[in-house]
There are 2 protein chains.
Amino acid sequence: MRNMKKSTIMNTLKKKIREHKYKFTTQRQIILQAFLDSKENHMSAEDVYEMVRDENPDIGLATVYRSLELFTHLELLKKLDFGDGRSRYELNDHNLSHSHHHLICLGCGKVTEFSYDFLNEVKEKIKKENGFDIVDYQLKFYGYCRDCAKKNQNL
Amino acid sequence: MRNMKKSTIMNTLKKKIREHKYKFTTQRQIILQAFLDSKENHMSAEDVYEMVRDENPDIGLATVYRSLELFTHLELLKKLDFGDGRSRYELNDHNLSHSHHHLICLGCGKVTEFSYDFLNEVKEKIKKENGFDIVDYQLKFYGYCRDCAKKNQNL
DNA sequence: CTCCTTGCAAAACTTTTGCAGGACC
DNA sequence: GGTCCTGCAAAAGTTTTGCAAGGAG
């Protein structure tokens, strides 16, 4: 998905919203556009609100929250938690078996992405042992990034 | 750790608190005891507060929050997030390579625990590729438990 | 005795909600 | 035109903080 043209992605998102009988409003489009344009991959509601105000200063924070909730429900976004007291969101690339995970630095708080496929082998095991059907999963690693590991050595 | 006598565990926790030059106050002991006694493995601050008031009605909610933060910092507890808007805590059994993960049911919200070791193989890879030193990790699976999967079929 | 810790109350934040007006299809 | 959606403001809920009094070592 990251390789596609932004306008193509927007059309896909638009289609998904309409398929579910929701309206593709200006506000919803602007919010989705923010995710396509942002360099920050993990935006909080407040981050989105600020980006979106540049485009349309009249938009309300409640609308941002309502849209993020809707988009998460429609699986256009994934809701993440990095333990900093607010929820964060990223575009959902619908690639379950090749999804990425997050390396969260305990020193500087930086979040890096990391690819590693392991779901399929575990999925079967969990189904058999627990009778639990996995739809999605989240894997977070906590530790120290290169820079912070270096700083720790100097203490 | 789950197999040890509670009093032995409490002594270990006490020792750890004192090692770090913090005081082992009555309130801190009562809060830790709540974790040892609770049948609920994943307590929110409010859950802890309610358990603890039975023992000492004068304890303040702020004290609970401050203690949970301290214990997490000392790695006596692990802070978890199941996406229900409040943080939850569990005893940290310091068994990184045999740690457990959580199966969160999207139907009924029930959280089940699940053991699966896979850290060691990934740890090296991440160190080499990203220069990132892993200290801890959290793995959550979202899906449908046996009961809810059955209900879904009947729709 | 000296700090660290606590309780209380207030504050700070994030997120949710009610409602009247507006926009989409 | 009917219904869904938005903005505003207020509310709700969780977590944090300031401060004076109290307790542990």
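Hydrogens, waters and symmetry mates are skipped; everything else that's a heavy atom, side chains included, is used.
A salt bridge links B:Glu129 with B:Lys125; the closest basic N to acidic carboxylate O contact falls under 4.0 Å. Salt-bridge annotation for B:Lys78 and B:Asp136: present, with a side-chain N of the basic residue lying under 4.0 Å from a carboxylate O of the acidic one.
Rounded to an integer number of Å, the gap from OH of A:Tyr49 to P of C:dT15 is 14 Å. Rounded to an integer number of Å, the gap from B:Asp81 CG to D:dG13 P is 19 Å. In this structure, A:Ile17 atom CD1 and D:dC4 atom P are separated by 16 Å, rounded to whole Å. Remark: C1' of C:dG21 and CG of A:Asp58 are 14 Å apart, rounded to the nearest angstrom. Taking atom NE2 of B:His73 as the reference point, atom C1' of C:dC4 lies 15 Å away to the nearest angstrom. Between the C1' atom of D:dT16 and the CG atom of A:Asp84 lies a distance of 15 Å, rounded to the nearest Å. The distance between atom CG of B:Asn56 and atom P of C:dT6, rounded to the nearest whole Å, is 11 Å. Note: CD (B:Gln29) to P (C:dT5) measures 16 Å, nearest angstrom.
A:Ser87 comes within 4.0 angstrom of the backbone, heavy atoms only, and of no base.
Legend: residues meeting salt bridge (charged side-chain N to carboxylate O under 4.0 Å, His left out) with B:Arg88, ordered by chain and number and at least two apart, are B:Asp47, B:Asp84. Under the side chain to side chain contact (heavy atoms under 4.5 Å, CB included) criterion, A:Thr8 pairs with A:Met4, A:Lys5, not counting sequence neighbours.
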Determine, step by step, whether A:His73 and A:His20 satisfy the side-chain hydrogen bond (donor to acceptor under 3.5 Å, both in side chains) criterion, reporting the C-alpha distance in whole Å, the side-chain angles of both residues, the deciding distance to 0.1 Å, and the verdict. CA-CA 11 Å; A:His73 174 69; A:His20 290 268; over 6 Å; no
Mind running side-chain hydrogen bond (donor to acceptor under 3.5 Å, both in side chains) on A:Glu90 and A:His102 for me, showing each step along the way? CA-CA 12 Å; A:Glu90 69 181 11; A:His102 297 104; 3.3 Å; yes
Residue pair B:Phe82, B:His42: steps toward the ring pair (Phe, Tyr, Trp, His ring centres under 6.0 Å) verdict: CA-CA 10 Å; B:Phe82 296 151; B:His42 313 113; 5.2 Å; yes
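Among pairs with a residue in residues 48-64 of chain A, those fulfilling side-chain hydrogen bond (donor to acceptor under 3.5 Å, both in side chains) read A:Tyr49-A:Arg53, at least two apart in sequence or across chains.
Across D:dG7, D:dT15, C:dG7, the shortest atom-to-atom separation from the side chain of A:Ile59 is found for D:dG7.
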In 5'-to-3' order, the base (B), backbone-only (S) or no-contact (-) status of each nucleotide in nucleotides 20-25 of chain D, using a 4.0 angstrom heavy-atom cut-off, is ---BBS
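Judged purely by atom type and a 3.5 angstrom limit, A:Lys140 uses its side chain to pair as donor or acceptor with the backbone of A:Asp81. Distance alone, capped at 3.5 Å, is enough to place a donor-acceptor pair between the A:Asn92 side chain and the A:Glu75 backbone.
Taken over five-pair windows at either terminus, the axes of the helix from C:dC1-D:dG25 to C:dC25-D:dG1 are inclined to one another by 40° (rounded to 10 degrees).
The nearest pair of heavy atoms linking A:Leu32 to A:Phe24 is CD1-CE1, 4.3 Å.
Of the residues in residues 61-71 of chain A, A:Ala62, A:Thr63, A:Arg66 come within less than 4.0 Å of DNA chain D through at least one heavy atom, sorted by number.
Contact annotation: A:Gln27 does not reach the phosphate of C:dA23 (side-chain N/O to OP1 or OP2, under 4.0 Å). Residue B:Arg86 places none of its side-chain N or O atoms closer than 4.0 Å to OP1 or OP2 of D:dT15.
Here B:Arg28 contributes atom CZ and B:Phe71 contributes atom CZ; the two are 6.5 Å apart, rounded to the nearest 0.5 Å.
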